[in-house]
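Below is one structure, written out as structure tokens, with a few remarks after it.
Side chains included, hydrogens not; waters and symmetry mates left out as well; all remaining heavy atoms used. Here is how names work: the chains are called A, B, and so on, in the same order as the sequence lines, proteins then strands, and each is numbered from 1.
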Number of protein chains: 2
Amino acid sequence: MNDAVIDILKQNQLSVTGNRLKILSFFQKNSKALSHADIEQLSGKNFDRVTIYRTLQTFVEKGIIHTIPTADNSVMYALCKEDCGEGHHHDDHVHFVCSQCDRTICLDDVVSPKIDLPEGYIADNVQVVIHGTCKDCNNK
Amino acid sequence: MNDAVIDILKQNQLSVTGNRLKILSFFQKNSKALSHADIEQLSGKNFDRVTIYRTLQTFVEKGIIHTIPTADNSVMYALCKEDCGEGHHHDDHVHFVCSQCDRTICLDDVVSPKIDLPEGYIADNVQVVIHGTCKDCNNK
DNA sequence: GTAACTGCAAAATATTTGCATCCTT
DNA sequence: AAGGATGCAAATATTTTGCAGTTAC
């Protein structure tokens, strides 16, 4: 099951290290976006803060993960879909933040809407963040 | 012309101080969102960082300004429309970030779209951030 | 063996808190 | 006069940088 993760690293010309494998697997196991602090927690504080910063930055540059806009100052990261790559992200899908369980979830299947802008404005990409109650919390 | 600004403070039961008047007028004069650092610059470094933090926080709580989601970790603030108040923000309008001039602009008149969510999800509010080229930069 | 990755130390930056003083009402 | 607002000092948290040792290839 590590194979998929190893493949991702190799495809991006990154050395396969224990650290990177673990961080990537955190993203795969959790169906939600993770912050720097989340990863620190998940690791049991076993790897360096600096390494986490650098790993996340590398992953973003390679298009393996993407950042998610948040209204507070917290930076969240989530796995990109397959068709993202170095230099070109296609992360303009909808993000959902649940106010009950506080998870940030990528709704990869919900396409960002087309929006009519005022005269003169040209849109490159549209990011949508929806706050509300997620499926799991509604069923409780 | 300070009258409008003074009114806003009084309506929110806040003391009218020079500091607050200046910070509020920065928002009114600039047709764009401001960060903590922007305000520090605009003030000519004449008021304390801490005061800026506390003033912005107070304004957000009172519904005078709102934060804008950004993909990096920078926190941006912009004036709310009149119908925002303590506890209830209506800041679910579209925000536009120009990749040329780097301004973040509230498009108050562009309504957030209705988005079809998967079964089980309930949306409270929808925030949209569009990256692209703004009117001014397109006309150059 | 070499280039890339990691961890430690330390610097730089950002944010929060406590408290004494000053200003608004 | 009283409560709120400010500024300073300091504590805390976050992010970046440099460098030496280690690891992947």
Task: Below 4.0 Å: OP1/OP2 of D:dG4 and any side-chain N or O of B:Thr17 - done: no
Open item on the list: If I take atom CD1 in residue A:Ile6 and atom C1' in nucleotide D:dA24, what distance separates them, rounded to the nearest angstrom?
Closed with: 13 Å
Open item on the list: Base of C:dG7, side chain of A:Arg49 - is there a donor-acceptor contact under 3.5 Å?
Closed with: no
- [ ] Could you state the atom-to-atom distance from NE2 of A:His36 to P of C:dA14 in whole Å?
- [x] 17 Å
Open item on the list: Can a side-chain donor-acceptor contact be found between A:Asn19 and A:Thr17 if the only test is distance below 3.5 angstrom?
Closed with: no
Task: B:Arg54 (side chain) and D:dG4 (base): donor-acceptor pair under 3.5 Å - done: no
- [ ] Find the distance A:Asn12:CG to D:dA24:P and express it as a whole number of Å.
- [x] 19 Å
TODO: Compare the minimum distances between each of D:dT15, C:dT15, D:dA9 and the side chain of B:Tyr53, then state the nucleotide with the smallest one.
DONE: C:dT15
- [ ] Name the orientation class of the two ring planes belonging to B:His66 and B:His95 (parallel below 30°, tilted from 30 to 60°, perpendicular beyond 60°).
- [x] tilted
TODO: State which of D:dT17, D:dC25, D:dA5 makes the closest approach to the side chain of A:Val50.
DONE: D:dT17
Task: Rounded distance (Å) that lies between atom P of C:dC5 and atom NZ of A:Lys22 - done: 17 Å
Task: Parallel, tilted or perpendicular: rings of A:Tyr53 and A:His36 (30°, 60°) - done: parallel
- [ ] Answer yes if A:Tyr121 and B:Val97 sit in the same cluster of Ile, Leu, Val, Met, Phe, Trp and Tyr residues linked by side chain heavy atoms under 4.5 Å apart, and no otherwise.
- [x] no
TODO: Mind checking B:Arg20 for me? I need base, sugar-phosphate or nothing, with any heavy atom below 4.0 Å counting as a touch.
DONE: sugar-phosphate
Open item on the list: Rounded to whole Å, please give me the gap between NZ in B:Lys10 and P in D:dG4.
Closed with: 18 Å
Open item on the list: Looking at A:Thr51, I'd like to know whether one of its side-chain N or O atoms comes within less than 4.0 Å of OP1 or OP2 on C:dG7.
Closed with: yes
TODO: Determine, using the 4.5 Å side-chain heavy-atom cutoff (strictly less than), whether B:Ile68 and B:Leu107 are members of one ILVMFWY cluster.
DONE: no
- [ ] To the nearest Å, give me how far apart CG (A:Leu56) and P (D:dT14) are.
- [x] 14 Å
Open item on the list: Looking at B:Asn19, I'd like to know whether one of its side-chain N or O atoms comes within less than 4.0 Å of OP1 or OP2 on C:dC23.
Closed with: no
Task: Between P of D:dT23 and CZ of A:Phe47, the distance in whole Å - done: 16 Å
Open item on the list: Rounding to an integer number of Å, can you tell me how far B:Ile39 CD1 sits from C:dA14 P?
Closed with: 14 Å
Task: Residue mapping more 5' on DNA chain C - nearest nucleotide basis, B:Leu14 or B:Val75 - done: B:Val75
